[in-house]
Amino acid sequence: METITELKPFVKQYTVLLSTRRQDGTHADTPVNIAVEGDHAYIRTFSSAWKVERMRNHPLVRIGPCTLRGRPTGPQITAHARLLQAGSKENTHAARMLSRKHPIVQGVLVPLAHRIKRDRTLHYEIRPLDT
């Protein structure tokens with residue numbers, strides 16, 4: 001599967017800055033791990049994270065390369081975030097993609113933290129807007 005131009009900079013990127021819109025119109029930035037596959041990418045989060053509510057209310061997000069601590073290192077692109085249905089093949093595939101790209105963090109540490117916190121794990125598909 002060929003990676004589209006907008007996502008090519010993110011294929012080897014460890015962390016991206018996910019920018020979600022608050023009700024007042026300002027943006028909240030969160031560094032997240034990403035796994036790119038063709039014309040879309042995947043991220044995961046706790047169900048209780050504030051970004052979940054912001055993406056539900058405003059599914060248009062921005063992503064851009066950043067450091068582990070969230071310092072931007074390049075330009076952002078606008079994308080659409082779509083929550084994947086729990087238990088679906090697509091959700092399982094997203095979990096595997098993230099675990100393969102980030103085996104220690106997304107394969108062990110994050111799932112363990114979600115179990116300890118007793119919080120559901122949500123996966124999102126991130127798809128760039130047509131330009």
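If you read the sequence from its start, that first residue is 1, and numbering goes on from there.
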Legend entry - Check: Val11 main-chain N/O paired with Lys101 side-chain donor or acceptor under 3.5 Å: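 Checked: pair present.
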
Inset, instruction - Determine yes or no for a side-chain-to-main-chain donor-acceptor pair under 3.5 angstrom, with Gln106 supplying the side chain and Ala95 the backbone. - result: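 Side chain of Gln106 to backbone of Ala95, a donor-acceptor pair under 3.5 Å: no, none is there.
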
Testing the basics here: between [X] and [Y], what is the closest heavy-atom pair and its distance to 0.1 Å?
X      : Y      : result
Leu7   : Ala41  : CD1-N, 4.3 Å
Pro111 : Gly107 : CG-O, 3.9 Å
Tyr42  : Ala94  : CD2-CB, 3.4 Å
Ser19  : Asp29  : OG-OD1, 2.9 Å
Pro9   : Glu6   : CD-O, 3.6 Å
Leu17  : Pro31  : CD1-N, 3.9 Å

Rounded to the nearest 0.5 Å, what's the gap from [atom1] on [X] to [atom2] on [Y]? Could you check?
X      : Y      : atom1 : atom2 : answer
His102 : Met97  : NE2   : CE    : 9.5 Å
His123 : Leu84  : NE2   : CG    : 8.0 Å
Ser48  : Arg118 : OG    : CZ    : 14.0 Å
Leu60  : Leu129 : CG    : CG    : 5.5 Å
Arg62  : Ile77  : CZ    : CD1   : 12.0 Å
Asn33  : Thr15  : CG    : OG1   : 5.0 Å

Check the hydrophobic clustering (I, L, V, M, F, W, Y; side-chain heavy atoms under 4.5 Å; chains of links allowed) and say if [X] and [Y] are grouped together.
X      : Y      : answer
Leu83  : Met55  : yes
Val36  : Leu98  : no
Ile63  : Tyr14  : no
Ile126 : Val110 : no

Inset, instruction - Give a yes or no on whether a salt bridge exists between Glu37 and Arg100, defined as a side-chain N under 4.0 angstrom from a carboxylate O. - result: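 Looking at Glu37 and Arg100, the cut-off is not met.
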
Inset, instruction - Find out whether Tyr124 and Val52 are in side-chain contact, i.e. whether some heavy atom of one side chain is under 4.5 Å from a heavy atom of the other. - result: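 Heavy-atom side-chain distance check passes, below 4.5 Å.
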
Inset, instruction - Please tell me if the side chains of Arg127 and Asp39 come closer than 4.5 Å, counting only heavy atoms from C-beta onward. - result: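 With C-beta onward as the side chain, the pair touches.
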
Legend entry - Residue Leu112 excluded, over 12 heavy atoms near CG under 6.0 Å: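 Check passes, neighbour count above 12.
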
Inset, instruction - Decide if atom CZ of Arg22 counts as having more than 12 heavy atoms of other residues, nucleotides or ligands within a radius under 6.0 Å. - result: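 Buried by this count: over 12 neighbours within 6.0 Å.
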
Legend entry - CA sep, side-chain torsions, deciding dist, call: His27, Gln76, side chain to side chain contact (heavy atoms under 4.5 Å, CB included): CA-CA 13 Å; His27 283 82; Gln76 291 186 318; over 6 Å; no

